[in-house]
Amino acid sequence: MKSKLIVGNWKMNGGLQANSALLSAIQSGLSSVTCRAAVCVPSPYLAQMQTLLVGSSLAWGAQDVSAHESGAYTGEVSASMLRDFGVRYCLVGHSERRQYHAESDTLVATKAQRALSAGITPIVCVGETQAERAAGQTEAVVKRQLAAVIHANGHCISEIVVAYEPVWAIGTGLTASPEQAQVVHGLLRKQLQAATAQADRMAILYGGSMNAENAATLLAQPDVDGGLIGGAALKADDFLTILASASR
Ligand code: PEP
């Protein structure tokens, strides 16, 4: 059985002292964890992760990457810069970036490409809004978002991680039921199977108010290979409980 992957998304939270306290609390509970685990932190703290997590089983990642390799793109951070700080994963196309920064499917696909060419695993986020679900468009939306990434990344597609994050479940306390999550994960798996023979070993994470209470049932679904965790990743006990659920 493939090992599950749990990724914390700290979003724009933290500080040097708070990060250090959170990491040491998480690390003190890692000895019994057998799943793969990572935290995606604000870019200024990547150097701190590199110092504090060296040799740890907890990997670290970024929350975004530039679609450009280098040059006159003020404020952007390139994939090779992330690589300099030991980054293993990078979120791309998180709904907050699609919503607040107008990131298109094409831009997200290019970002995934940049990450892959720097040896970083992009965690490609897809998901429908409440209105899209109500209009029966869930399947069409997530397939369109993933298709752009498949199209741009060709045979490298098996190197990505996919995260299904229904927008209506992010930070709202509303969670997709395990059945709702499985339906969409099953669709995404089929789409990946049509693109690569490696689809069954790829990780499709669920994200959207996953917490210490609901993680085990979500993670028990056959196509839920892990979780992308926002709020609950900021509490060491909750994050460790989720890691324990994924280690069974
Ligand atoms: C997220 O930001 O990716 C997320 C899933 O957030 P939350 O767990 O807080 O809903």
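Indexing begins at 1, ligand by ligand and atom by atom, following the structure's order.
Some N or O of His94 is nearer than 3.5 Å to an N or O of ligand 1, by distance alone. Residue Gly231 has at least one N or O atom closer than 3.5 Å to an N or O atom of ligand 1. Remark: ligand 1 and Gly230 share an N or O pair separated by less than 3.5 Å (distance only, no angle test). Backbone and side-chain nitrogen or oxygen atoms of Gly207 are examined, and none is located within less than 3.5 angstrom of a nitrogen or oxygen of ligand 1. Considering both main-chain and side-chain atoms, Lys11 comes within under 3.5 Å of ligand 1 through a nitrogen or oxygen pair.
With a heavy-atom cut-off of 4.0 Å, Cys125 does not touch ligand 1 at all.
Heavy atoms of Ala163 come nearer than 4.0 angstrom to ligand 1 in no pair at all. Heavy-atom separations between Ser209 and ligand 1 include at least one value shorter than 4.0 Å.
Taking 4.0 Å as the cut-off between side-chain N and carboxylate O, Lys190 and Asp223 do not count as a salt-bridged pair. With salt bridges taken as basic N to acidic carboxylate O contacts below 4.0 Å, none links Glu69 and Lys111.
In terms of protein heavy-atom proximity, atom 5 (C) of ligand 1 is closest to Glu165 OE2, 3.1 Å.
Between Tyr164 and His185, the two ring planes are perpendicular [angle over 60°; tilted spans 30° to 60°].
Interface of Asn9 with ligand 1, defined as ligand atoms under 4.0 Å from a residue heavy atom, comprises 1 (C), 2 (O), 3 (O). Atoms of ligand 1 lying under 4.0 Å from any heavy atom of Gly171, numbered from 1 in the order shown and given with element: 7 (P), 9 (O), 10 (O). Listed by atom number, the atoms of ligand 1 under 4.0 Å from Gly208 heavy atoms are 5 (C), 10 (O).
Tested against Cys40, the residues Leu91, Val87, Asp64 include a single side chain to side chain contact (heavy atoms under 4.5 Å, CB included) partner, Leu91.
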